[in-house]
Amino acid sequence: MSTKTYEIRPEQSIELLKELHILTRDGKLNQDSRRKLKQVYHLFQFIEPLLQDVMRDRGSITLVDHGAGKSYLGFILYDLFFKALPPGTGSQIFGIETRAELVEKSTALARRLGFEAMSFLNLSVADSIDSKRLPETVDVVTALHACDTATDDAIRFALEKHARYIVLVPCCQAEVAGVLRRNKGKSLGNALTEIYRHPLHTREFGSQITNVLRCLQLEAHGYQVSVTELVGWEHSMKNELIIAQYKDLPRKRPAERLAQVLDTFGLDSLRERFFAPA
């Protein structure tokens, strides 16, 4: 796919693109909808090779999208990739969302579009880990803008389900910033406190270190991690994309680094959240 032209593909569902407001009601592309289409294709460029890799290896794909909201991502992935798969592969997309009304709307839309291998569950990310309505193992876990600790719950879910790929766009990381703020007075003797002494810096640094801890945690479980930027997502400042692939890499050094970072910044109370193998 060319990265310079963003036109509707012949196989795409026009009804879906209207529902997602990528097309106007009369089926046209205006300046705003072209921007949205560019964002969709830009994100799909990152995820499509992961789906292709799983298909080559296993012949089917199970993908779980956490904090699905209106299931924007799940529908796009189904429309651009899953619906073209040969029948009978057993491939599925599950959307996990806490708001029942959004689950109902997504279920109705999938039925209307004939997207039979899409399911939507009214669950929190944390509750989904033990839910019997989801398979014991999954291939790909996504979490785009799953607020605050929901991203960490999605990581825990992925680790429990032995996911091959994890795709994250973290959002609203307030927990670490809160711990930094509470412990600031105890750390005044450490010059590193200057990094987050001012409230604005506390919030920004808290967000940054949260994602650093997440990457170390994934590496401590044998994943290869890459971090990049979702260029073109102008509507959101939260555009950091973390992609992790399980490769059974050595775990000792990242686990040690994770522990050191937690100790250095007085984040010991979060050790269980950013857990690493013993």
Side-chain angles (χ1 to χ4, degrees), residues 12-13 15-22 36 39-40 43-44 46-48 50-51 54-55 60-85 89-172 230 233 236 238 241-244:
Q12 287 191 263
S13 166
E15 183 179 356
L16 173 63
L17 295 178
K18 288 181 180 179
E19 287 281 345
L20 300 179
H21 305 293
I22 291 173
K36 290 177 181 176
Q39 293 170 355
V40 166
L43 179 58
F44 185 64
F46 287 104
I47 299 179
E48 183 182 27
L50 316 185
L51 302 178
V54 174
M55 275 301 296
S60 68
I61 310 170
T62 301
L63 183 146
V64 177
D65 181 32
H66 285 293
K70 296 179 180 179
S71 294
Y72 186 101
L73 175 64
F75 278 116
I76 288 296
L77 292 178
Y78 198 101
D79 194 39
L80 291 178
F81 190 88
F82 279 73
K83 78 178 184 183
L85 296 178
T89 66
S91 298
Q92 284 185 293
I93 292 181
F94 294 91
I96 309 299
E97 173 56 45
T98 57
R99 289 164 287 183
E101 67 277 11
L102 295 183
V103 172
E104 291 172 7
K105 288 181 180 179
S106 294
T107 300
L109 178 59
R111 188 180 300 119
R112 194 160 72 245
L113 295 171
F115 290 3
E116 297 177 356
M118 290 192 80
S119 302
F120 305 93
L121 304 179
N122 184 203
L123 293 169
S124 70
V125 181
D127 289 341
S128 70
I129 295 172
D130 298 316
S131 173
K132 301 300 182 186
R133 297 155 72 187
L134 288 161
E136 290 186 6
T137 60
V138 302
D139 300 304
V140 182
V141 172
T142 59
L144 270 60
H145 298 138
C147 282
D148 201 13
T149 58
T151 297
D152 301 305
D153 292 334
I155 291 174
R156 185 177 290 266
F157 174 94
L159 296 177
E160 291 281 343
K161 299 292 186 178
H162 308 289
R164 177 180 297 193
Y165 288 105
I166 306 169
V167 181
L168 308 169
V169 179
C171 180
C172 310
L230 276 174
W233 285 60
S236 174
K238 303 294 184 179
L241 176 66
I242 299 172
I243 299 178

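One-based numbering along the sequence shown. The basis for the numbers below is simple: all heavy atoms, side chains too, and nothing from hydrogens, waters or symmetry mates.
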Of all heavy-atom pairs between [X] and [Y], which one has the smallest distance, and what is that distance?
| X | Y | value |
| --- | --- | --- |
| Gly67 | Val125 | N-CG2, 4.2 Å |
| Ile129 | Asp153 | CD1-O, 4.1 Å |
| Ala117 | Tyr78 | N-OH, 3.3 Å |
| His66 | Ser128 | CE1-OG, 3.2 Å |
| Thr151 | Pro170 | OG1-CA, 4.0 Å |
| Ser124 | Thr98 | CA-CG2, 3.5 Å |

Rounded distance [0.5 Å steps], [atom1] in [X] versus [atom2] in [Y]:
| X | Y | atom1 | atom2 | answer |
| --- | --- | --- | --- | --- |
| Ile47 | Leu144 | CD1 | CG | 6.5 Å |
| Leu102 | Ser71 | CG | OG | 8.0 Å |
| Ser131 | Leu121 | OG | CG | 6.0 Å |
| Asp139 | Arg164 | CG | CZ | 7.0 Å |
| Ile155 | Leu159 | CD1 | CG | 7.5 Å |
| Phe44 | Leu73 | CZ | CG | 10.5 Å |

Taking the side chain from Asp65 and the backbone from Ile96, do they hold a donor-acceptor pair closer than 3.5 Å?
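Checking the backbone N and O of Ile96 against the side chain of Asp65, no donor-acceptor pair under 3.5 Å is found.
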With distance as the sole test, does Glu97 use its side chain to make a donor-acceptor pair with the main-chain N or O of Asn122 at under 3.5 Å?
no
Run the numbers on Val140 and Val64 for side chain to side chain contact (heavy atoms under 4.5 Å, CB included), then give the verdict.
CA-CA 6 Å; Val140 182; Val64 177; over 6 Å; no
Could you check if a side-chain atom of [X] sits within less than 4.5 angstrom of a side-chain atom of [Y], using non-hydrogen atoms only?
| X | Y | answer |
| --- | --- | --- |
| Thr142 | Tyr165 | no |
| Leu123 | Arg133 | yes |
| Leu50 | Ile243 | yes |
| Phe94 | Pro135 | yes |

Residues Phe46, Val167; criterion side chain to side chain contact (heavy atoms under 4.5 Å, CB included); working and verdict:
CA-CA 9 Å; Phe46 287 104; Val167 181; over 6 Å; no
Would you call the rings of Phe75 and Phe115 parallel, tilted or perpendicular, taking 30° and 60° as the class edges?
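Plane angle between 30° and 60°, so tilted.
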Asp79 with Lys83: basic N within carboxylate O range, under 4.0 Å:
yes
Whether Arg112 and Glu15 form a salt bridge (side-chain N of Lys/Arg under 4.0 Å from carboxylate O of Asp/Glu) is what I want to check.
yes
Which is it for Gln12 and Leu17 under the side chain to side chain contact (heavy atoms under 4.5 Å, CB included) test, yes or no, and what are the steps along the way?
CA-CA 8 Å; Gln12 287 191 263; Leu17 295 178; 3.8 Å; yes
Looking at Ile76, Ile61, Leu63, which hits side chain to side chain contact (heavy atoms under 4.5 Å, CB included) with Phe81?
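Exactly one pass, corresponding to Ile61.
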Qualifying salt bridge (Lys or Arg N to Asp or Glu O under 4.0 Å) pairs with a residue from residues 118-132, counting only residues at least two apart or across chains
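Salt bridge (Lys or Arg N to Asp or Glu O under 4.0 Å) check on residues 118-132 returns no pairs.
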Going through the checks in order, is the side chain to side chain contact (heavy atoms under 4.5 Å, CB included) test met by Ser13 and Glu19?
CA-CA 10 Å; Ser13 166; Glu19 287 281 345; over 6 Å; no
Mark yes when over 12 heavy atoms from residues, nucleotides or ligands other than Glu101 sit less than 6.0 Å from its CD; otherwise mark no.
yes
For Glu116, does the CD atom sit with more than 12 other heavy atoms under 6.0 Å from it, leaving out its own atoms?
no
